[in-house]
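Have a look at the structure below, then the notes.
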Amino acid sequence: MPAVKTVRLDQLAHHQGQEVVVCGWLYNKRSSGKILFLILRDGTGFVQAVVSRDSVDEETFRAADRLTQESSLRVRGTVRADPRAPGGYELQVTALEIFQRAEEYPLSLKEHGIEFLLDHRHLWLRTPRQVAIMRVRHRVVKACRDFLDERGFVLVDAPILTGAACEGTTTLFRTDYFGRSAYLTQSGQLYMEAAAMALGKVYCFGPAFRAEKSKTRRHLMEFWMVEPEMAFADLEDCISLAEEMLTVVTEEVLRHCRSELELLGRKLEPLTHVKPPFPRLSYDQAVQLLQAKGRQFEWGDDFGAPEETLISLEFDRPVVVHRYPAACKAFYMEPDPQRPEVVLAMDVLAPEGYGEIIGGGQRLAGSELLVSKFREHHLPEEAYRWYLDLRRFGSVPHSGFGLGIERLLAWICGLRHVREAIPFPRMLNRLYP
RNA sequence: UCCUCGAUAGCUCAACGGUAGAGCGGCCGGCUGUUAACCGGCAGGUUGCAGGUUCGAAUCCUGCUCGAGGAGCCA
């Protein structure tokens, strides 16, 4: 094919009247005897390529007529505006080169069941809706990183393979480490505490693994988490950071991903409410709220999904719940000096019933209390010796949180299930593809 | 681990005790402006597996397998 500029489909409108080359896959085809309409996609957009019998040779026309869904091709033609074309622009084809005529494609343009779609996740990813979600995911990740980078946080990577649990309670994936047991990390937090003592403000961005036999729309066995940690920071600092971060990330998505959100059918209005200050409830107040709503709930119980939904539906933006009973939270939370039975922990619940997207708080700074917590939680002290060292050598108040990327994305995109928020979901019954 | 629901053509579904069908996809043919195009034709099934009830089971019963939603746990 002669040298003519190759353009991405989202740039086509800037080349009106010009002859260009585009590369892509056949999304759909319609024909009417002597004229063919090839709908091409390239991951950035779509275009209707018009092949008429007069404008190409007989052989090209016949080959184009035989093209199957998802066949890969390069097309040369003239860009022109036409109200009849989807998107307003079309390509009058003068030449066409086929990379491959695809075999019968499993995914039709009609509806499919979720099992079939998940079995074909590698192909499902090509559909407009999934492409839109992945684009928003990219923007969310970028916004999180830009936000922290601009505020002086240093990216420090936490290990994936660890010798012990971060929190003794949840189940870990065990693997063989040259004859010893090793575990896939469930959080980088403990390592971020060490890094914060070295660099001040740090964060990690990585996968987390939980071998919980959870089968709900909020759970994945492997998910991604961004975990900032700050030295010389208390619970208030932690809440402020979370509040500001969610605000900026949401703004960035609204600024850059309008068309994606529209394609997903996401109402923009709830997203525009995400501005500080977020409503803040102490655990005590949350319990009162639940009881006022007629919910059977005792002080000391932990919130389940139904409770989180009830609380979040009371507000038009993310809500912060803080100062939980110590028994509800992990061993490393700092007790409230005013009320030792509660800890300086906080969760952020997304609106519209999406539930917890952030969990964090102020970390335990004293070494004696930490040792007694190890015993209370039956944790192997030997494995946590390095963590105890952080309290022995210049311990400071410090705090941080973990933000679940898929849960945040599910809420921002209005997805029914987190499995669509990650390219290749790992779930209880799924390790393929 | 527990509760609820489901499994019929490649896909989405119908048939609910009496000859397993449709739409889409595929193949063949028609149409010079289609919009998940349309029109005609063809191929395509051990109704998840194993038992049972019945003259007769996709349909009713039992067990199993696989899946979905939810609980617990969490981001």
Side-chain angles (χ1 to χ4, degrees), chain A residues 27-39 46 48-55 61 65-66 68-70 80 82-88 90 92 102-120 123-124 127-128 166-172 185-189 206-227 242 301-309 328-330 347-350 354-360 401-411 416-419 421-422 427-430:
Chain A
Y27 179 70
N28 198 7
K29 183 182 73 180
R30 292 182 278 267
S31 71
S32 187
K34 305 289 183 290
I35 187 165
L36 284 173
F37 301 96
L38 307 176
I39 314 300
F46 291 82
Q48 169 164 286
V50 185
V51 188
S52 46
R53 199 142 241 178
D54 316 337
S55 60
F61 188 85
D65 195 25
R66 287 188 67 244
T68 49
Q69 195 186 351
E70 288 301 312
R80 66 177 188 209
D82 191 312
R84 292 168 295 187
E90 64 180 19
Q92 185 63 48
E103 292 176 34
E104 186 180 340
Y105 195 62
L107 301 191
S108 74
L109 266 33
K110 300 239 171 180
E111 286 194 12
H112 294 287
I114 190 62
E115 186 182 1
F116 182 80
L117 287 172
L118 287 169
D119 280 340
H120 297 84
L123 303 177
W124 185 22
T127 60
C166 291
E167 310 168 29
T169 54
T170 46
T171 327
L172 292 158
T185 185
Q186 57 186 185
S187 163
Q189 183 211 310
F209 307 88
R210 307 267 165 101
E212 295 155 359
K213 297 202 170 175
S214 303
K215 261 188 73 161
T216 80
R217 68 182 69 193
R218 297 178 306 282
H219 286 89
L220 295 166
M221 301 299 107
E222 177 183 300
F223 64 98
W224 288 71
M225 196 154 55
V226 55
E227 296 175 276
D301 293 346
D302 201 0
F303 301 136
E307 284 82 16
E308 287 183 357
T309 300
C328 294
K329 290 291 170 186
D347 284 352
V348 179
L349 310 180
Y354 275 87
E356 184 179 351
I357 50 173
I358 284 179
F401 60 80
L403 163 62
I405 294 297
E406 288 78 14
R407 286 189 178 177
L408 174 61
L409 189 61
W411 165 61
R416 211 165 294 145
H417 197 300
V418 290
R419 65 189 163 209
I422 188 166
M427 295 180 294
L428 191 52
N429 296 308
R430 183 164 298 279

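Below, read A as the first sequence line, B as the second, and so on, with proteins coming before strands; counting in each chain starts at 1.
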Next on the checklist: When you compare the side chains of Q69(A) and S108(A), does any donor N or O come within less than 3.5 Å of an acceptor on the partner?
Outcome noted: no
Checklist entry - Does one side chain, of E227(A) or S187(A), offer a donor that lies under 3.5 Å from an acceptor on the other? => result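 Per modelled atom types, E227(A) and S187(A) side chains form a pair under 3.5 Å.
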What's [X] touching, base or sugar-phosphate or nothing? Going by heavy atoms closer than 4.0 Å.
{"X": "R53(A)", "result": "nothing"}
{"X": "F223(A)", "result": "base"}
{"X": "E90(A)", "result": "base"}
{"X": "E406(A)", "result": "nothing"}
{"X": "S52(A)", "result": "nothing"}
{"X": "I358(A)", "result": "sugar-phosphate"}
{"X": "G113(A)", "result": "sugar-phosphate"}
{"X": "D347(A)", "result": "nothing"}
{"X": "P106(A)", "result": "nothing"}

[X] side chain N/O closer than 4.0 Å to the phosphate oxygens (OP1, OP2) of [N]?
{"X": "N429(A)", "N": "rC66(B)", "value": "no"}
{"X": "R218(A)", "N": "rA71(B)", "value": "yes"}
{"X": "R419(A)", "N": "rG69(B)", "value": "yes"}

Spell out yes or no: do the side chain of [X] and the base of [N] have one donor N/O and one acceptor N/O closer than 3.5 Å?
{"X": "H219(A)", "N": "rC74(B)", "result": "yes"}
{"X": "R80(A)", "N": "rG33(B)", "result": "yes"}
{"X": "R30(A)", "N": "rC31(B)", "result": "no"}

Item to check | Centroid under 5.5 Å and tilt under 30°, F37(A) to rG33(B) | outcome: no
Checklist entry - Starting at the 5' end of RNA chain B and moving along, which residue's nearest nucleotide shows up first, F303(A) or R84(A)? => result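 Checking each residue's closest nucleotide, the 5'-ward one belongs to R84(A).
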In whole angstrom, give me the gap between the [atom1] atoms of [N] and [M].
{"N": "rC5(B)", "M": "rA22(B)", "atom1": "C1'", "result": "25 Å"}
{"N": "rA58(B)", "M": "rC16(B)", "atom1": "P", "result": "13 Å"}
{"N": "rA9(B)", "M": "rA14(B)", "atom1": "C1'", "result": "13 Å"}

Checklist outcome for this item: side-chain contact (heavy atoms from CB on, under 4.5 Å) filter on A242(A), not counting sequence neighbours, yields M346(A), V348(A), I358(A), F401(A)
Item to check | Counterpart residues, side-chain contact (heavy atoms from CB on, under 4.5 Å), relative to R66(A) (two or more places apart) | outcome: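 Testing R66(A) for side-chain contact (heavy atoms from CB on, under 4.5 Å), a comparison that skips the adjacent residues, returns R101(A).
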Under the salt bridge (charged side-chain N to carboxylate O under 4.0 Å, His left out) test, residues paired with [X] that sit two or more places apart:
{"X": "D119(A)", "value": "R430(A)"}
{"X": "K29(A)", "value": "none"}
{"X": "E90(A)", "value": "R80(A)"}
{"X": "D82(A)", "value": "R84(A)"}

In whole Å, what is the span from the [atom1] atom of [X] to the [atom2] atom of [N]?
{"X": "F116(A)", "N": "rA9(B)", "atom1": "CZ", "atom2": "P", "result": "12 Å"}
{"X": "H417(A)", "N": "rG69(B)", "atom1": "NE2", "atom2": "C1'", "result": "8 Å"}
{"X": "Q186(A)", "N": "rA75(B)", "atom1": "CD", "atom2": "P", "result": "9 Å"}
{"X": "H120(A)", "N": "rC11(B)", "atom1": "NE2", "atom2": "P", "result": "8 Å"}
{"X": "L107(A)", "N": "rG10(B)", "atom1": "CG", "atom2": "P", "result": "16 Å"}
{"X": "W224(A)", "N": "rC74(B)", "atom1": "CH2", "atom2": "P", "result": "23 Å"}
{"X": "L220(A)", "N": "rC73(B)", "atom1": "CG", "atom2": "P", "result": "19 Å"}
{"X": "Y354(A)", "N": "rA75(B)", "atom1": "OH", "atom2": "C1'", "result": "15 Å"}

Detail all sub-3.5 Å separations between protein N/O atoms and N/O atoms belonging to nucleotides 1-6 of chain B.
from: rU1(B); atom 1: O4; to: K213(A); atom 2: O; distance (Å): 3.3

List the residues meeting ring-ring contact (aromatic ring centres under 6.0 Å, His included) with [X], not counting sequence neighbours, and say none if there are none.
{"X": "F209(A)", "value": "none"}
{"X": "F37(A)", "value": "none"}
{"X": "H112(A)", "value": "F116(A)"}

Item to check | Selected nucleotide, minimal atom distance to I35(A) side chain, candidates rG72(B), rG33(B), rC74(B) | outcome: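 In terms of side-chain proximity for I35(A), the closest of rG72(B), rG33(B), rC74(B) is rG33(B).
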Item to check | Watson-Crick and G-U pairing of RNA chain B written in dot-bracket, each distance under 3.5 angstrom, with | for inter-strand partners | outcome: (((((((..((((....[..)))).(((((.......))))).....(((((..]....))))))))))))....
Checklist entry - Can you give one letter per nucleotide of nucleotides 20-29 of chain B, going 5' to 3': B for a protein heavy atom under 4.0 Å from the base, S for sugar-phosphate only, - for none? => result ---SSSSS--
Checklist entry - Minimum heavy-atom separation for F61(A) to I35(A), with atom names? => result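 So the two residues come closest at CZ-N, 4.1 Å.
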